[in-house]
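Input: a single structure, listed below in structure tokens.
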Number of protein chains: 2
Amino acid sequence: MNETGYTCQQVMRITGLSQRQLSYWRKTGLVIPKQRTAGGHARYSFADLLILKTARKLIDAGVSVQRIRRRITSLTDFLPSCNIPLTELSLVATGDMILVLHQETTFEALTGQEWVYSVAELEREAATSRGIIEPKQEELFTAPENTHKNIAVNQ
Amino acid sequence: MNETGYTCQQVMRITGLSQRQLSYWRKTGLVIPKQRTAGGHARYSFADLLILKTARKLIDAGVSVQRIRRRITSLTDFLPSCNIPLTELSLVATGDMILVLHQETTFEALTGQEWVYSVAELEREAATSRGIIEPKQEELFTAPENTHKNIAVNQ
DNA sequence: AATGAACAAAAAGGGTATTTTTTGTCTACT
DNA sequence: AGTAGACAAAAAATACCCTTTTTGTTCATT
């Protein structure tokens, strides 16, 4: 048995995808393992595994394979050029996009669209639009009590 | 003139939305400014501005207003209960979800879905599935040169 | 200057029928 | 074990028609 790469069985166990799906996706070019054993058996790389896992997440979220095809390409292109250990990354996958987050410091949309924007930036725009001297912005925030539940703060 | 809140003109300038859109959205409940001047003129809060900007981003991305309505509600619910200065947040908006990112440490989907997952977690799953003793995982990564372009690293 | 109402055009949603894609199952092969 | 091929069922995309939603424009009102 070869030591490198993941076998079909392993990929099936890890991702929950069926043999038929792997087979069809190989044939139609969604994920093609670069390695093959002497006997012609597929060996998936860890990057392949990551892509397949992402595809599985999208399927579970109700995204069709055809839409996945359109999006997954960018991830396939990105991974080989990524000089960060993959294990330091986190992914956000939806029907419309795949985000890559590094540690907790940077992130980048793989699609061309500009998805991420900061509220601080909006505030600057707003202040500029209001005139040179802006009023006390603090008053404009909805004054918070202490009942946060949607965001976990760690400080 | 009242000092607090943004006028229609200002909101139009900042968000790029039309007067007609603001008017219709007010009437149909998408974004209703709480404040009104004595003369009955609308004054939008900064939170309103943030919601409207998000809606604009989604429109630019080709999302229909009806889908925006379904999603924006969660943001409207969230903002008043958020005890973090809004300017410390960043947003990710797509047709399927709106993510809120805090500083660069935490983020939380406003929808119930679990969108984010770490590659490290996948690696653990993979290692477990492979057997108790895992092979040298480093070999399985696509060995990077130094040609990153999709992620901005700051170290 | 901002709002509201009325009309018409554009955009989007819902339903159905048809075509294409995807998957399961079975079979044979190495 | 793993792969490939053939057939049929399930799922998804496409096209079409029709209804609803959304937006621009114009006008009157405050």
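Reminder, nothing fancy here: chain letters follow the sequence lines and each chain counts from 1. All values below come from the heavy atoms of this structure, side chains included, with hydrogens, waters and symmetry mates left out.
Contacts of A:Gly39 with the nucleic acid, taken as non-hydrogen atoms under 4.0 Å apart, are absent. At a threshold of 4.0 angstrom between heavy atoms, the contacts of B:Gln19 include nucleobase atoms, whether or not backbone atoms are also involved. A:Ser23 comes within contact range of no nucleotide atom at all, as no heavy-atom separation falls under 4.0 Å. In this structure, A:Thr28 reaches neither bases nor backbone, as no heavy-atom distance under 4.0 Å exists between it and the strands shown.
When atom types are taken as modelled, the side chain of A:Arg56 and the backbone of A:Thr15 share a donor-acceptor pair closer than 3.5 angstrom. A:Arg43 places no side-chain N or O within donor-acceptor distance of the main-chain N or O of A:Pro33, the cut-off being under 3.5 Å. Between the side chain of A:Ser23 and the backbone N or O of A:Gln19, no donor-acceptor pair lies under 3.5 Å. The backbone N or O of A:Ser18 sits less than 3.5 Å from a side-chain atom of A:Gln21, completing a donor-acceptor pair.
A:Thr87 approaches B:Ala120 most closely through the heavy-atom pair O-CB, 3.4 Å.
Looking at B:Ser74 and B:Asp77, their side chains never bring a donor and an acceptor atom within 3.5 Å of each other. Counted by atom type alone, B:Tyr117 and A:Thr54 present one or more donor-acceptor pairs between their side chains at under 3.5 Å.
The listed nucleotides are D:dT23, D:dA13, D:dA4; the one nearest the side chain of A:Ser64 is D:dA13.
Along DNA chain C, the nucleotide nearest to B:Arg70 and the one nearest to B:Lys27 differ in position, and the one closer to the 5' end is contacted by B:Lys27.
Where the helix from C:dA1-D:dT30 to C:dC29-D:dG2 starts and where it ends, the local axes point in directions that differ by 70°; five pairs per end, rounded to 10°.
Chain A approaches DNA chain C within less than 4.0 angstrom (heavy atoms of the protein), and the contacting nucleotides run 5' to 3' from C:dT21 to C:dT25.
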